[in-house]
Structure formats: C-alpha cells, structure tokens
Protein chains: 2
Amino acid sequence: MHTPATAEHEGISRIERLCIERGLKMTGQRRLIARVLSESADHPDVEELYRRAVARDDRISIATVYRTVRLLEEKGILERRDFGGGRARYDQADRGHHYHLIDVDTGRVIEFADPRLDTLVREIAAGLGFTLEDNRIELFGRRVADTPDPAVPRGKPRDAE
Amino acid sequence: MHTPATAEHEGISRIERLCIERGLKMTGQRRLIARVLSESADHPDVEELYRRAVARDDRISIATVYRTVRLLEEKGILERRDFGGGRARYDQADRGHHYHLIDVDTGRVIEFADPRLDTLVREIAAGLGFTLEDNRIELFGRRVADTPDPAVPRGKPRDAE
DNA sequence: CTACTTGCAAAACTTTTGCGGCAGT
DNA sequence: ACTGCCGCAAAAGTTTTGCAAGTAG
C-alpha cells in the first residue's frame with residue numbers, strides 16, 4: 001500500500017502528487033525538483049538540490065530551485081531547517097515529527113523520533129501557558145569511542161550530510 | 001554577592017569583566033558593546049546592538065559590532081542563536097543552560113530551564129551511541145486563551161523580541 | 001487564451017575582510 | 001613601541017526579484 005520509498009523510479013513521485021493535490025502547475029522543472037527531493041534521504045541545501053537537478057537536466061536555473069523550495073515550504077510540503085553553516089536545508093514535511101542528532105566530528109545528521117520527548121515538550125509548553133505548535137530540537141554529540149558502529153542506529157531513517 | 005543584574009549603571013559591566021579576564025584589549029567600542037549587552041535582557045541581533053550602541057556614542061561602526069560579537073562568541077562569552085528571520089541573535093553564554101519558547105503570535109521569546117529535558121536528551125544521545133556536546137531546543141507555541149496573563153511565567157528571565 | 005513560470009542578471013541582505021591610520025597595554 | 005583594533009568601503013555569500021519570453025491548464 002505504501003510506496004516502498006524507493007518505488008518512484010519513473011512514476012509520479014510522492015512530492016509531485018502532493019503538488020498536484022495542492023493545485024500547483026507541474027512544469028518540467030517542478031517535476032524534476034519533486035523527484036530529486038523524493039529520492040533524497042538527506043537534508044540537501046538549495047545548492048545541492050540544484051546540483052542534483054542539473055545533473056539530470058540542465059534546463060533549470062538556481063533561481064527556480066529557490067522559488068520552488070520556498071513555494072513547497074509555503075504549501076507545507078517541505079520544512080526549512082538550519083543546522084548551521086549559513087544555508088537553509090530542506091526536509092520533507094510529512095515524514096512524521098522527528099528530531100536531529102548531528103555528529104559534531106563528521107557533520108552527519110541522524111534522525112530520530114522519541115515519544116517521551118514529544119510528551120515532555122508538550123507538557124513544558126503547557127506549564128508555561130502555551131499550546132505547542134511546533135518545535136525544533138537538535139542535539140550535537142560525539143560518537144562514544146567504544147561503540148561498534150552506528151550505521152543505522154535503530155531502524156530509524158538515517159542519513160549523511 | 002551577585003550583582004543584582006541591573007547594578008551596572010556605571011561600574012564595570014559583567015561582560016567587560018569577562019573580556020578582561022580573557023585578556024582582551026578594552027577599547028571604548030568594546031566597553032560600549034559590553035555594556036549594551038550586559039543591560040540587554042533580550043536576544044538582540046547585530047543591527048539592534050549597533051542601534052543601541054550608536055544611540056550612546058556614534059563613534060562605532062557596524063563592522064566593529066560584527067567583529068566584536070564574533071570575538072565574544074569565540075571566547076565563550078556569547079552564544080549565537082538563530083530563531084529564524086535570517087539574522088543571528090546573541091545570548092550571554094553563562095546564564096546557565098536554558099531553552100527557548102517562542103510565541104508564534106507575538107514573536108516574544110521566553111527562556112526556561114528544565115532538568116527533565118536536560119536528562120532526557122542526554123539519555124537519548126547515549127542511546128544512539130553519542131555523548132551530548134550541546135543542544136538547541138526551541139518550542140513554538142501559542143498562548144492558551146483562558147490563561148490570565150503570562151507576564152513572567154515563573155520567575156524565569158523573560159524577554160521580548 | 002490567460003495566468004502562472006522560468007532564466008537571466010541585477011538587487012537586496014547579512015556578514016566578512018583588506019587596508020591605512022589609531023589606540024591600548 | 002608593538003600589537004592589535006577601528007572605520008571605511010569593497011567583497012563575499014546567500015536569497016530574492018524585475019522583466020521579457022515561454023508554457024501549463
């Protein structure tokens with residue numbers, strides 16, 4: 001039922017479907033960006049998206065990439081992130097709420113979900129008189145020396161910068 | 001024994017003391033920036049710091065403000081923050097680890113500390129095979145309608161954008 | 001056909017930097 | 001004195017935008 005995440009070799013990409021649902025004109029450029037995004041498991045910045053897109057079809061400009069990610073963000077399809085480094089990075093919005101752990105030595109970004117954390121931050125906000133609308137949690141850590149190897153820490157989506 | 005936070009009308013500001021301890025040359029410009037920072041309970045961006053500084057003595061340029069906050073960050077006296085909006089904002093580094101709750105309606109930033117959160121994120125990082133070096137946690141929320149008024153939620157330092 | 005999109009290049013913004021002169025220690 | 005700092009203005013880096021031409025619906 002669920003597309004197995006990588007089953008979009010040539011059909012309509014998941015992001016393209018979302019664009020259509022939201023009534024966006026699907027131009028070649030947007031379709032290309034949608035595909036690149038759907039196939040990206042990491043958090044590329046605009047420059048990187050542009051590089052990946054151009055590699056497939058160079059009839060696209062970086063201005064269009066900027067315009068498109070901004071549009072997709074407004075439509076709730078993408079989320080803008082900032083892991084430091086001056087450039088905005090993008091993340092698909094509907095993959096469920098997750099957090100990020102950044103390896104300070106390698107820059108690798110590991111996604112994780114944690115219900116305890118979900119609950120706690122909601123409680124904290126409530127205690128301050130607020131209802132939580134959103135949150136941004138980034139942990140910066142260093143690999144513990146004697147840990148065998150993280151690879152895929154726990155079946156959670158993993159990812160490299 | 002602790003300076004009552006606002007007792008720096010004309011003595012040496014807390015930040016200036018830290019600069020001297022770290023062996024920085026105390027020029028008029030740095031002293032001015034140090035004072036403005038010590039008296040700021042909020043998280044100003046560079047433009048705002050520059051405005052506040054110029055108001056007292058216009059023999060300072062914005063380039064110096066940029067250079068100084070960068071220096072103070074390197075010396076561990078300030079911490080650079082990013083609450084979105086494209087500009088870096090600064091926070092005194094030694095006020096203890098705290099987190100931020102941003103009111104999405106007003107932009108107001110509320111600081112809070114929470115030991116449960118400290119512990120939980122450290123545990124999560126450990127579970128992923130990392131030791132926590134740092135973290136960035138920002139909650140975005142909306143005032144609960146029937147709450148009387150937050151003013152100062154809990155004796156924690158409060159602040160407005 | 002009409003309204004929205006694109007590419008290009010220029011502009012806008014924030015932040016950094018080279019350099020000659022000035023100032024703290 | 002010596003070293004580092006400042007102001008100015010130019011540069012750098014990222015993101016936005018005006019405009020004329022092109023295209024999806």
Side-chain angles (χ1 to χ4, degrees), chain A residues 12-13 15-36 43-51 53-54 56-75 77-90, chain B residues 12-13 15-36 43-54 56-75 77-90 161:
Chain A
I12 289 179
S13 70
I15 288 184
E16 181 177 352
R17 191 166 53 243
L18 291 169
C19 290
I20 295 171
E21 281 171 17
R22 284 158 170 83
L24 299 180
K25 279 190 183 174
M26 285 317 293
T27 65
Q29 288 88 337
R30 286 188 184 164
R31 222 181 319 271
L32 177 53
I33 293 172
R35 277 184 199 196
V36 169
H43 306 80
D45 58 32
V46 172
E47 199 95 31
E48 178 60 25
L49 278 178
Y50 175 63
R51 244 177 275 131
V54 168
R56 294 200 185 180
D57 185 342
D58 58 8
R59 290 140 39 123
I60 189 172
S61 78
I62 196 163
T64 296
V65 181
Y66 270 108
R67 275 192 275 239
T68 303
V69 291
R70 177 174 247 258
L71 180 70
L72 298 187
E73 191 197 358
E74 281 162 10
K75 294 294 183 185
I77 297 172
L78 292 184
E79 279 178 12
R80 186 196 297 246
R81 299 279 174 187
D82 166 39
F83 298 146
R87 286 129 94 134
R89 294 169 65 173
Y90 290 86
Chain B
I12 289 179
S13 71
I15 289 183
E16 182 177 351
R17 192 165 53 243
L18 290 169
C19 289
I20 295 171
E21 281 170 17
R22 284 156 170 86
L24 300 180
K25 277 190 185 174
M26 285 315 295
T27 65
Q29 289 87 339
R30 286 189 184 163
R31 222 182 319 268
L32 177 53
I33 294 173
R35 278 186 200 195
V36 169
H43 306 79
D45 58 33
V46 172
E47 199 94 32
E48 177 61 23
L49 277 179
Y50 175 62
R51 246 177 275 131
R52 296 181 191 177
V54 168
R56 294 198 184 183
D57 185 342
D58 57 9
R59 290 140 38 124
I60 189 173
S61 79
I62 196 164
T64 297
V65 181
Y66 271 108
R67 274 192 276 239
T68 303
V69 291
R70 179 175 244 256
L71 180 70
L72 296 187
E73 191 196 357
E74 282 164 9
K75 294 295 183 182
I77 296 172
L78 291 184
E79 278 178 11
R80 186 195 298 244
R81 300 278 174 187
D82 166 40
F83 299 146
R87 288 129 94 133
R89 293 167 66 173
Y90 290 87
E161 178 174 34

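Every chain is numbered from 1 and lettered A, B, ... according to where its sequence line falls, protein lines coming before strand lines.
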NA contact type, A:I60, heavy-atom cut-off 4.0 Å: base, sugar-phosphate, or nothing? sugar-phosphate

Which nucleotide sits closest to the side chain of [X]: [options]?
| X | options | answer |
| --- | --- | --- |
| B:R67 | C:dT15, D:dC8, C:dC8 | D:dC8 |
| A:Y66 | C:dT5, D:dG7, D:dT14 | D:dT14 |
| B:K25 | C:dG7, C:dC19, C:dA23 | C:dA23 |
| B:R70 | C:dT25, D:dG7, C:dT16 | C:dT16 |
| B:S61 | D:dG7, C:dG24, D:dT16 | D:dG7 |

Is A:E48 salt-bridged to A:R51, going by a charged N under 4.0 Å from an acidic O? yes

Short N-O contact, A:K75 and A:E73, less than 4.0 angstrom: no

Rounded off to whole Å, could you give me the [atom1]-to-[atom2] distance for the [X] and [N] pair?
| X | N | atom1 | atom2 | result |
| --- | --- | --- | --- | --- |
| A:M26 | C:dA3 | CE | P | 22 Å |
| B:R51 | C:dT14 | CZ | P | 10 Å |
| B:L24 | D:dC6 | CG | C1' | 15 Å |
| A:R22 | C:dC4 | CZ | C1' | 19 Å |
| B:R30 | C:dA23 | CZ | C1' | 11 Å |
| A:L71 | C:dT6 | CG | C1' | 13 Å |
| B:R59 | D:dG7 | CZ | C1' | 12 Å |
| A:L49 | D:dT15 | CG | C1' | 14 Å |

5'-most contact on DNA chain C: B:E47 or B:T27, nearest heavy atom basis? B:E47

Which residue, B:D45 or B:G28, contacts DNA chain C at a nucleotide closer to its 5' end, judged by nearest heavy atom? B:D45

Closest non-hydrogen atom pair, B:L72 against B:C19: CD2-SG, 3.7 Å

Might you point out which heavy atoms bring B:H43 and B:R89 nearest each other, and give the distance in Å? O-NE, 2.7 Å

Count the heavy atoms belonging to other residues, nucleotides or ligands that lie under 6.0 Å from CZ of A:R59, then report whether that count exceeds 12. no

Distance check: side-chain N/O of A:Q29 vs OP1/OP2 of D:dT23, anything under 4.0 Å? no

